[in-house]
Amino acid sequence: MRHLLTLFDLTPDELKSILATANYLKAELRAGKRPPILDRYTLALLFEKPSLRTRVSFETGMTQLGGNSLFLGEDVGWGKREAPSDFTNVLGQFVDAVACRAKQHNRVEQLASFNAMPVINSLTDLSHPCQAIADVLTIQEAFGSLDERHLVFVGDGNNVSRSLALACAMLDLRFTLACPEGYELDDEWLGRIHERYPNAKIQQISDPKAAVRDADAIYTDVWTSMGQEAESKIRRKAFANYQINDDLMEAAPSTARVLHCLPAVRGEEITDDVIDGPQSDVINQAGNRMHAQKALLVFLLRPEWIQKNIT
């Protein structure tokens, strides 16, 4: 049984296989084909946080694959009405996999520890692997290849940038985090990346214009994530010079693409002119959540299909 709690749960070849499967399934959908690879499979969506892209992309993706999904909110009593072992093992009797959007990473680790069904981390405070897979898929589409590409994240060392740094290490991309002092990637996560991938090309600098000078993709996220609301005033002040706007884009190559995992606080971390501008791939990036997650579901539940049809 396989889980995806972070991208450390995949090898680089497996990540490449998921990307190839996503490309294939996206092309099939464009051609009007929806192969029922997961016919009669059921995915549970266990969410502690609100969602648009994650919920709709998983639900629609399962439907397109011939399967079904169930949304499980607070009413199911996860961690409240019964022991975690009872909850998880019973859920595993009913569904084939669970995608969990949790406030704390140890929650998905606990779910996976019982091996009742494959567990997908669809967002925690530590990591957002589904987002990162969709992001590198978007960069691959924009340039035709990931070879020698440079991804610059203008923001803080949050769950998204952690996952992107790891994805870049796995796929041999350069990754730069442009952030104010005190908001870097944590040493423990960086240590894990460099232990697994000694040749990882990861840089952290404070000057956003220097960071984007040779960027292929420029990425940002909200300055204040869910759960950090008490820090919003401090963060707005700290990141005031890290907005993706026309001035910053002038320092970047004209071929650079703009990414944002959404939802965006327009006028804060990014301006309307940029997010709606000709260099923005933000909407396609959001759409790629579904294609990436469809591929991930097939990888976890029907790996033999990928071996037969993709590799």
Side-chain angles (χ1 to χ4, degrees), residues 1-10 14 17-18 21-22 25 29 34-131 133-134 159 226 289-309:
M1 183 177 294
R2 298 290 299 272
H3 306 289
L4 182 73
L5 306 188
T6 74
L7 291 177
F8 283 115
D9 293 324
L10 300 174
E14 287 172 337
S17 177
I18 291 169
T21 304
L25 293 175
L29 184 62
R34 304 184 181 196
I37 305 165
L38 297 183
D39 183 32
R40 302 189 188 185
Y41 281 71
T42 300
L43 172 70
L45 299 172
L46 185 59
F47 282 22
E48 288 186 318
K49 287 188 172 186
S51 170
L52 169 64
R53 280 153 296 280
T54 301
R55 178 177 178 179
V56 178
S57 59
F58 267 117
E59 289 191 0
T60 306
M62 277 299 290
T63 299
Q64 290 180 4
L65 291 168
N68 181 43
S69 60
L70 301 170
F71 181 78
L72 307 180
E74 291 186 0
D75 56 304
V76 298
W78 180 35
K80 297 178 180 178
R81 288 208 310 255
E82 52 191 316
S85 58
D86 293 342
F87 177 90
T88 308
N89 287 320
V90 168
L91 185 61
Q93 297 293 301
F94 303 137
V95 304
D96 298 289
V98 57
C100 181
R101 188 173 171 91
K103 294 177 181 178
Q104 296 178 326
H105 191 74
N106 60 10
R107 299 279 273 163
V108 296
E109 290 179 328
Q110 184 185 65
L111 275 177
S113 69
F114 299 107
N115 281 320
M117 69 234 129
V119 175
I120 298 170
N121 172 8
S122 55
L123 178 139
T124 67
D125 57 341
L126 178 72
S127 179
H128 201 348
C130 293
Q131 181 68 56
I133 297 172
N159 53 356
M226 284 184 284
R289 286 290 303 278
M290 183 180 71
H291 305 296
Q293 289 159 191
K294 285 170 66 176
L296 175 60
L297 288 163
V298 175
F299 171 81
L300 291 173
L301 298 174
R302 292 285 312 280
E304 77 284 356
W305 186 93
I306 294 178
Q307 293 172 1
K308 181 180 179 180
N309 294 276

### Message
Would you say Asn121 and His3 are linked by a side-chain donor-acceptor pair, where the criterion is simply a distance under 3.5 Å?
### Response
no
### Task
Flag this pair as yes if the NZ/CZ of Arg55 is under 6.0 angstrom from the six-membered ring centre of Phe47 and inside a 45 degree cone about the axis; otherwise no.
no
### Query
Is there a side-chain contact between Met290 and Arg53, using heavy atoms and a 4.5 Å cut-off?
no
### Summary
Correct closest heavy-atom pair for Leu38 and Met62 would be CD1-SD, 3.9 Å
## Note on the structure
Residues Ser122 and Cys130: closest non-hydrogen pair is CA-SG, 4.4 Å
Could you go through residues 83-99 and list every donor-acceptor pair under 3.5 Å that involves a side-chain atom there, pairing it with any protein atom two or more places apart or in another chain?
{"from": "Thr88", "atom 1": "OG1", "to": "Pro84", "atom 2": "O", "distance (Å)": "2.8"}
{"from": "Asn89", "atom 1": "ND2", "to": "Ser85", "atom 2": "O", "distance (Å)": "3.0"}
{"from": "Asp96", "atom 1": "OD2", "to": "Thr42", "atom 2": "N", "distance (Å)": "2.7"}

#### Entry: Glu48 with Arg101: basic N within carboxylate O range, under 4.0 Å
no
### Query
Of all heavy-atom pairs between Ala22 and Ala295, which one has the smallest distance, and what is that distance?
N-CB, 3.4 Å
### Task
Identify the residue among Ile120, Leu111, Val108 that makes a side-chain contact (heavy atoms from CB on, under 4.5 Å) with Leu46.
Leu111
### Query
Would you say Phe299 and Ile306 make side-chain contact, with heavy atoms under 4.5 Å?
yes
### Query
Mind checking what makes side chain to side chain contact (heavy atoms under 4.5 Å, CB included) contact with Glu109, not counting sequence neighbours?
Leu5, His105, Asn106
### Query
Does Leu301 reach the side chain of Tyr41, with side-chain heavy atoms less than 4.5 Å apart?
yes
### Summary
So CG of Leu72 and SG of Cys100: to nearest 0.5 Å the spacing works out to 10.0 Å
### Message
Main chain of Ser51, side chain of Thr54: is a donor-acceptor contact present, judged purely on distance under 3.5 Å?
### Response
no
### Query
If we only count heavy atoms from C-beta on, is the Leu123 to Lys49 side-chain gap below 4.5 Å?
yes
### Query
Taking it one step at a time, do Lys308 and Glu304 satisfy salt bridge (charged side-chain N to carboxylate O under 4.0 Å, His left out)?
CA-CA 6 Å; Lys308 181 180 179 180; Glu304 77 284 356; over 6 Å; no
### Query
Considering only heavy atoms from C-beta outward, does the side chain of Arg2 approach that of Leu10 to under 4.5 Å?
yes
### Query
Between Arg289 and Phe58, is there a donor-acceptor pair closer than 3.5 Å when you use the side chain of the first and the backbone of the second?
no
### Query
Do Asp125 and Lys103 come within less than 4.5 Å of each other through their side chains, counting heavy atoms only?
no
### Query
Got a second to check how far His128's NE2 is from Leu7's CG, nearest 0.5 Å?
11.0 Å
### Task
Ignoring hydrogens and angles, tell me if any N or O in the side chain of Asp39 forms a donor-acceptor pair with the backbone of Pro36 under 3.5 Å.
no
### Message
What I'd like to find out is whether the side chain of Leu70 reaches to under 4.5 Å of the side chain of Leu43, using heavy atoms alone.
### Response
no
### Task
To the nearest 0.5 angstrom, please state how far the CG atom of Leu65 sits from the CD atom of Gln293.
11.0 Å
### Task
Please name the pair of heavy atoms, one in Met1 and one in Ala116, separated by the smallest distance, quoted to 0.1 Å.
CE-C, 4.0 Å
### Query
Minimum heavy-atom separation for Thr124 to Asn159, with atom names?
O-ND2, 2.8 Å
### Query
Are any of the side-chain heavy atoms of Thr63 and Arg34 separated by less than 4.5 Å?
no
### Task
Please lay out, stage by stage, how Leu25 and Lys294 fare under the test side-chain contact (heavy atoms from CB on, under 4.5 Å).
CA-CA 8 Å; Leu25 293 175; Lys294 285 170 66 176; 4.0 Å; yes
